[in-house]
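One structure, pasted below without further comment.
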Amino acid sequence: MSNTIQPRLTRVFRFVRCSYADGVAELAYAFDDGEELVERIRFPHAPAVPAARATAFDAALKLLHLVAGVSYYKAGVPPRIELADGPLDDATAELLDQLYLHGLAEFAYRNGLDLRGRIAFPRVGSGTKAAGSHGGVAPALDLPKRTLVPIGGGKDSLVAVEAIKSIGDEATAVWVGNSALIAACAERTGLPTLNIQRELAPGLFELNRLGAWNGHIPVTAVNSAILAVAAVVYGYDSIAFANERSASAATLEYEGQQVNHQWSKSLAFETLLGDWLHTHVAADLDYCSLLRPYSELAITRAFAKLTPYFDVFSSCNRNFRLLGPKPVDRWCGQCPKCHFVFLALAPFLPKPRLLAIFGRNLLDDETQAAGFDALLEYQDHKPFECVGEGAEARAAMYALSQRPEWQEDALVERFRSEILTQLDVAQLALEPWLEPSPEHRVPARLQAALAAIG
Ligand SMILES: CC(=O)N[C@H]1[C@@H](OP(=O)(O)OP(=O)(O)OC[C@H]2O[C@@H](n3ccc(=O)[nH]c3=O)[C@H](O)[C@@H]2O)O[C@H](CO)[C@@H](O)[C@@H]1O[C@H](C)C(=O)N[C@@H](C)C(=O)N[C@@H](CCC(=O)O)C(=O)O
Ligand SMILES: Nc1ncnc2c1ncn2[C@@H]1O[C@H](COP(=O)(O)OP(=O)(O)OP(=O)(O)O)[C@@H](O)[C@H]1O
């Protein structure tokens with residue numbers, strides 16, 4: 001990487017090439033005429049791609065190249081995007097335009113940028129068939145009837161795993177990256193495991209040092225695109241994420257634009273990608289979220305029964321940093337995820353059990369008041385993190401405020417005396433949050449698993 005490049009002054013972001021050999025995908029990008037930034041994804045023990053799946057594989061790999069580019073594009077957000085392979089068909093360009101606009105909305109908001117009108121993937125004329133596009137439904141590949149279940153180290157994916165196990169589906173626990181914590185959770189599931197390695201281009205960190213734009217990226221989209229390639233390579237007909245209903249709710253609205261930290265976990269993204277895979281990769285490759293009908297509270301209620309995972313899981317994202325410090329124990333106890341998971345599990349677990357998981361009582365610590373206020377959307381907006389809606393956090397806090405074992409704790413007592421008086425108690429019931437919604441894209445083969453959650 002040339003050390004003279006000024007990332008924020010670049011004019012063009014180029015998708016240079018992508019290739020695959022011996023289980024390693026190489027995804028290359030560049031700004032202007034600068035050096036290549038090459039990301040590598042390693043698929044362990046990958047079998048040779050059968051000839052019948054070659055076209056599907058090429059389409060999935062090309063999408064991965066386009067999706068993973070978001071980590072690099074964000075460093076400069078130049079006004080032009082160039083594709084080495086020529087323009088995209090409408091559906092692909094639309095998927096990418098939406099992903100870069102909404103998936104980078106938090107990044108843009110926090111950096112004071114407006115990406116509206118700036119992101120335009122080159123596309124062929126409306127209705128025209130681009131090279132490599134089927135223009136309709138992609139052929140079915142007769143993929144084996146088995147499921148890839150991504151594991152993130154937290155409660156959600158473990159609820160999904162147990163639901164899949166309850167219907168006897170053939171499934172593999174899969175994760176991207178080298179987190180030992182996720183590996184321990186995956187082992188504990190008892191399922192076969194698959195660990196895909198992802199190596200960001202080292203040049204990105206140099207660009208960061210040179211003052212590149214930086215911020216949140218839609219990482220679930222990147223993981224999803226990696227798993228679509230994996231499904232074709234290894235032979236799976238379903239990818240079942242564990243993205244909850246609340247992931248579709250915006251974190252905040254700003255100048256008419258919704259900003260959702262979790263956009264690539266939303267139903268909108270799931271629909272775009274699920275449809276795209278059916279039309280461009282394989283009619284029999286399903287991409288869904290098994291937890292889509294459920295609120296965070298319904299999921300924590302289900303997780304509260306999964307005691308074998310209590311000593312291995314963590315939802316604290318500080319564990320998953322590539323660089324920088326990680327918590328000494330599995331829960332930092334300071335971040336919005338720690339706050340939210342503590343609060344959302346509390347109504348469903350005996351108090352000593354919860355305190356044993358976290359090693360402390362976060363609700364009896366006055367220094368954490370601001371963190372819990374943000375979750376409740378009291379004097380602040382919902383944090384930029386994977387946490388439930390303000391209304392469900394308020395319902396959980398209200399439930400605790402009615403229980404003798406919690407009432408005296410500093411932040412519950414503060415809620416009762418300071419915040420509750422400003423709320424309508426009729427809106428604070430826990431039960432409505434435990435009802436599943438009918439909206440989901442779970443394929444027929446896996447629908448019986450939904451019953452195990454609700
Ligand atoms: C672990 C984490 O939360 N990281 C976010 C954090 O990154 P930080 O700088 O503190 O450290 P690193 O994770 O070590 O990353 C170093 C730099 O690398 C770049 N980068 C990393 C991963 C990637 O996929 N692309 C990248 O470009 C980036 O320049 C980093 O500075 O803060 C960053 C800036 O806000 C975030 O981008 C990091 O988030 C990771 C991509 C990440 O994996 N985050 C997930 C835990 C996460 O946020 N999941 C969401 C899912 C939302 C979605 O729509 O997908 C969630 O759980 O809500
Ligand atoms: N490294 C990863 N590899 C593959 N999938 C991942 C990875 N990290 C997260 N995911 C998946 O992305 C989705 C969203 O992640 P999220 O962090 O919300 O879930 P979680 O870790 O299971 O639960 P929690 O909400 O408690 O953190 C889940 O389906 C999760 O399995």
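Just so you know, ligand 1 is whichever comes first in the structure, and atom 1 is the first atom listed for that ligand.
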In this structure, are over 12 heavy atoms from other groups packed under 6.0 Å from D311 atom CG?
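Count over threshold, so yes.
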Number the atoms of ligand 1 from 1 as they appear, then name those within less than 4.0 Å of a heavy atom of H261, with their elements.
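It comes down to these atoms of ligand 1: 48 (O), 50 (C), 52 (C), 53 (C), 54 (O), 56 (C), 58 (O).
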Any protein heavy atom < 4.0 Å from atom 52 (C) of ligand 1
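Answer yes: something from the protein, a heavy atom, is under 4.0 Å.
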Specify the protein heavy atom at minimum distance from atom 29 (O) of ligand 1: its residue, its atom name, and the distance to 0.1 Å.
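Of every protein heavy atom, N214 OD1, 2.8 Å lies nearest to atom 29 (O) of ligand 1.
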Of the choices N260, V70, V219, N208, which has the non-hydrogen atom that lies closest to atom 43 (O) of ligand 1?
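Ranked by closest heavy atom to atom 43 (O) of ligand 1, first place is V219.
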Please report whether atom 40 (C) of ligand 1 has a protein non-hydrogen atom at a separation of less than 4.0 Å.
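No, there is no protein heavy atom closer to it than 4.0 Å.
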E389 to K382 - nearest heavy-atom pair and separation
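Looks like CA-CD, 4.3 Å.
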Pick from D156, L181, V159, V341: the one approaching atom 23 (O) of ligand 2 most closely through a non-hydrogen atom:
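Of the listed residues, D156 has the closest heavy atom.
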Judged by non-hydrogen atoms, does K74 sit under 4.0 Å from ligand 1?
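Yes, K74 has a heavy atom closer than 4.0 Å to ligand 1.
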List ligand 1 atoms under 4.0 Å from Q262, heavy atoms only on the residue side.
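Answer for ligand 1: 52 (C), 54 (O), 58 (O).
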With atoms numbered from 1 as shown, which atoms in ligand 2 lie under 4.0 angstrom from a non-hydrogen atom of N223?
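This gives 2 (C), 6 (C), 7 (C) as the contact atoms.
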Less than 4.5 Å apart, side chain to side chain, heavy atoms only: is that true for R80 and R11?
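Answer no - side chains too far apart.
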Heavy-atom closest contact (F269 atom, A221 atom, distance)
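The pair with the smallest heavy-atom distance is CZ-CB, 3.6 Å.
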For ligand 2, is there an N or O atom under 3.5 Å from any N or O atom of S157?
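Yes, there is a polar N/O contact under 3.5 Å.
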Test your reading of the structure: does L200 have an N or O sitting under 3.5 Å from an N or O of ligand 1?
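L200 vs ligand 1: no N/O contact under 3.5 Å.
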Y254, OH atom: more than 12 neighbouring heavy atoms under 6.0 Å:
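Result for OH/Y254: open.
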Considering only the protein, which heavy-atom contact is closest to atom 29 (O) of ligand 2, and what is its distance?
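The protein heavy atom lying closest is A242 N, 2.9 Å.
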Less than 4.5 Å apart, any side-chain heavy atom of I239 and any of S224?
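In short, these two side chains do not touch, never coming nearer than 4.5 Å.
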Do Q257 and Y109 pair up side chain to side chain, a donor and an acceptor below 3.5 Å, judged on atom types alone?
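The criterion, which ignores hydrogens and geometry beyond distance, is not satisfied for Y109 and Q257.
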Under the ring-ring contact (aromatic ring centres under 6.0 Å, His included) test against Y72, which residue among Y29, F15, F205 passes?
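Output: one option passes, namely Y29.
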In terms of residue, atom name and distance, what is the protein heavy atom nearest to atom 11 (C) of ligand 2?
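Its nearest protein heavy-atom neighbour is F241 CE2, 3.7 Å.
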So, T10 and D32: side-chain donor and acceptor under 3.5 Å apart, yes or no?
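No.
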Which residue and heavy atom of the protein sit nearest atom 56 (C) of ligand 1, plus the separation
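Nearest neighbour among protein heavy atoms for atom 56 (C) of ligand 1, to 0.1 Å: C386 CB, 3.4 Å.
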So, do V174 and N195 sit near enough that their side-chain heavy atoms are less than 4.5 Å apart?
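Answer no - side chains too far apart.
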Below 4.0 angstrom from a heavy atom of N317, which ligand 1 atoms are there? Numbered from 1 as shown, please.
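Every atom of ligand 1 under 4.0 Å from some heavy atom of N317: 1 (C), 46 (C), 57 (O).
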Hey, does E244 come in under 3.5 Å of ligand 2, counting only N/O atoms on both sides?
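No: no nitrogen or oxygen of E244 is under 3.5 Å from one in ligand 2.
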Per the salt bridge (Lys or Arg N to Asp or Glu O under 4.0 Å) rule, which among K165, R445, R146 passes with E170?
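Result for salt bridge (Lys or Arg N to Asp or Glu O under 4.0 Å) with E170: R146.
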Residue part near ligand 1, for F205, under 4.0 Å between non-hydrogen atoms
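F205 to ligand 1: side-chain contact only, backbone stays beyond 4.0 Å.
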Nearest protein heavy atom to atom 26 (C) of ligand 1, by residue and atom, and its distance?
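Going atom by atom, the protein heavy atom closest to atom 26 (C) of ligand 1 ends up being S71 OG, 3.6 Å.
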Look only at interatomic distance and state if P150 has a nitrogen or oxygen under 3.5 Å from any nitrogen or oxygen of ligand 2.
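Checking ligand 2 against P150, an N or O pair does fall under 3.5 Å apart.
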Given H216 and F107, is the ring pair (Phe, Tyr, Trp, His ring centres under 6.0 Å) satisfied, shown in steps?
CA-CA 5 Å; H216 184 63; F107 156 87; 9.8 Å; no
Atom 58 (O) of ligand 1 within contact range, any protein heavy atom under 4.0 Å:
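Within 4.0 Å: yes, protein heavy atom nearby.
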For atom 21 (O) of ligand 2, what's the nearest protein heavy atom and its distance?
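Here the nearest protein heavy atom works out to G154 N, 3.0 Å.
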Can you find a protein heavy atom closer to atom 32 (O) of ligand 1 than 4.0 Å?
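No, there is none.
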Which heavy atom of the protein is the closest neighbour of atom 30 (C) of ligand 2, given with residue, atom name and distance?
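So the nearest neighbour among protein heavy atoms is G152 N, 3.8 Å.
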Is the distance between the ring centroids of W331 and F313 under 6.0 Å?
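Centroid separation for W331 and F313: below 6.0 Å.
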Could you tell me which atoms of ligand 1, counted from 1 in the order shown, lie closer than 4.0 angstrom to a heavy atom of W263?
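Listed by number with element, the hits are 54 (O).
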In terms of residue, atom name and distance, what is the protein heavy atom nearest to atom 26 (O) of ligand 2?
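Its nearest protein heavy-atom neighbour is S315 OG, 2.6 Å.
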I'd like to check which ligand 2 atoms, numbered from 1 as shown, lie under 4.0 Å from a non-hydrogen atom of W175.
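It comes down to these atoms of ligand 2: 3 (N), 4 (C).
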Geometric N/O contact P218 with ligand 1, under 3.5 angstrom
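Min N/O separation from ligand 1 is not below 3.5 Å for P218.
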Closest to atom 36 (C) of ligand 1 (judged by heavy-atom distance), picking from H216, R321, R198:
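Heavy atom nearest to atom 36 (C) of ligand 1 belongs to H216.
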To which protein heavy atom is atom 54 (O) of ligand 1 closest, and what is the distance rounded to 0.1 Å?
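Nearest protein contact, heavy atoms only, for atom 54 (O) of ligand 1 is S264 OG, 2.8 Å.
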When you measure from atom 16 (C) of ligand 1 to every protein heavy atom, which one gives the shortest distance, and what is it?
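Atom 16 (C) of ligand 1 sits closest to the protein heavy atom L323 CD1, 3.9 Å.
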Partner set under ring-ring contact (aromatic ring centres under 6.0 Å, His included) for W276, not counting sequence neighbours
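Applying ring-ring contact (aromatic ring centres under 6.0 Å, His included) to W276 gives H280.
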State the atoms of ligand 2, each with its element, that fall below the 4.0 Å cut-off from a heavy-atom position in I182.
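What qualifies from ligand 2 is 1 (N).
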Does the protein place a non-hydrogen atom closer than 4.0 angstrom to atom 8 (P) of ligand 1?
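It does not; no protein heavy atom is within 4.0 Å.
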Any nitrogen or oxygen of K155, main chain or side chain, under 3.5 Å from a nitrogen or oxygen of ligand 2?
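Min N/O separation from ligand 2 is below 3.5 Å for K155.
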May I ask you to decide if the ring planes of F13 and F31 are parallel, tilted or perpendicular, using 30° and 60° as cut-offs?
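Ring orientation, 0 to 90° scale: tilted.
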Under a 4.0 angstrom heavy-atom cut-off, which atoms of ligand 1 come close to G215?
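Numbered from 1, ligand 1 contributes 34 (C), 35 (O), 37 (O).
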Return yes if a side-chain donor-acceptor contact under 3.5 Å exists between H278 and D284, otherwise no.
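The criterion, which ignores hydrogens and geometry beyond distance, is not satisfied for D284 and H278.
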Top protein contact for atom 18 (O) of ligand 2, by heavy-atom distance
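Here the closest protein heavy atom is K265 NZ, 2.8 Å.
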Atoms in ligand 2 with a heavy atom of C386 nearer than 4.0 Å:
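Numbered from 1, ligand 2 contributes 18 (O).
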Name the option, out of V176, V222, L148, N243, that contains the heavy atom nearest to atom 3 (N) of ligand 2.
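Checking each option, the heavy atom nearest atom 3 (N) of ligand 2 is found in V176.
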Note the single closest protein heavy atom to atom 6 (C) of ligand 2, along with its residue, its atom name and the distance in Å.
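Checking every protein heavy atom, the shortest distance to atom 6 (C) of ligand 2 gives I151 O, 3.7 Å.
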Is the ring pair Y100/F121 parallel, tilted or perpendicular, if the boundaries are 30 and 60 degrees?
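Perpendicular, since the angle between the ring planes exceeds 60°.
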Pull out every atom of ligand 1 sitting under 4.0 Å from any heavy atom of F320, numbered as shown with elements.
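Numbered from 1, ligand 1 contributes 1 (C).
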Could you identify the single nearest non-hydrogen protein atom to atom 19 (C) of ligand 1 and state the distance to 0.1 Å?
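Going by distance alone, atom 19 (C) of ligand 1 is nearest to L204 CD2, 4.0 Å.
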Quick one: is the NZ or CZ of R245 closer than 6.0 Å to the six-membered ring centre of Y294, and within 45° of its axis?
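The answer is no; the distance or angle limit is not met.
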Atom 13 (O) of ligand 1: protein heavy atom closer than 4.0 Å?
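Within 4.0 Å: yes, protein heavy atom nearby.
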Close N or O approach (K337, ligand 2; < 3.5 Å)
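Yes, there is a polar N/O contact under 3.5 Å.
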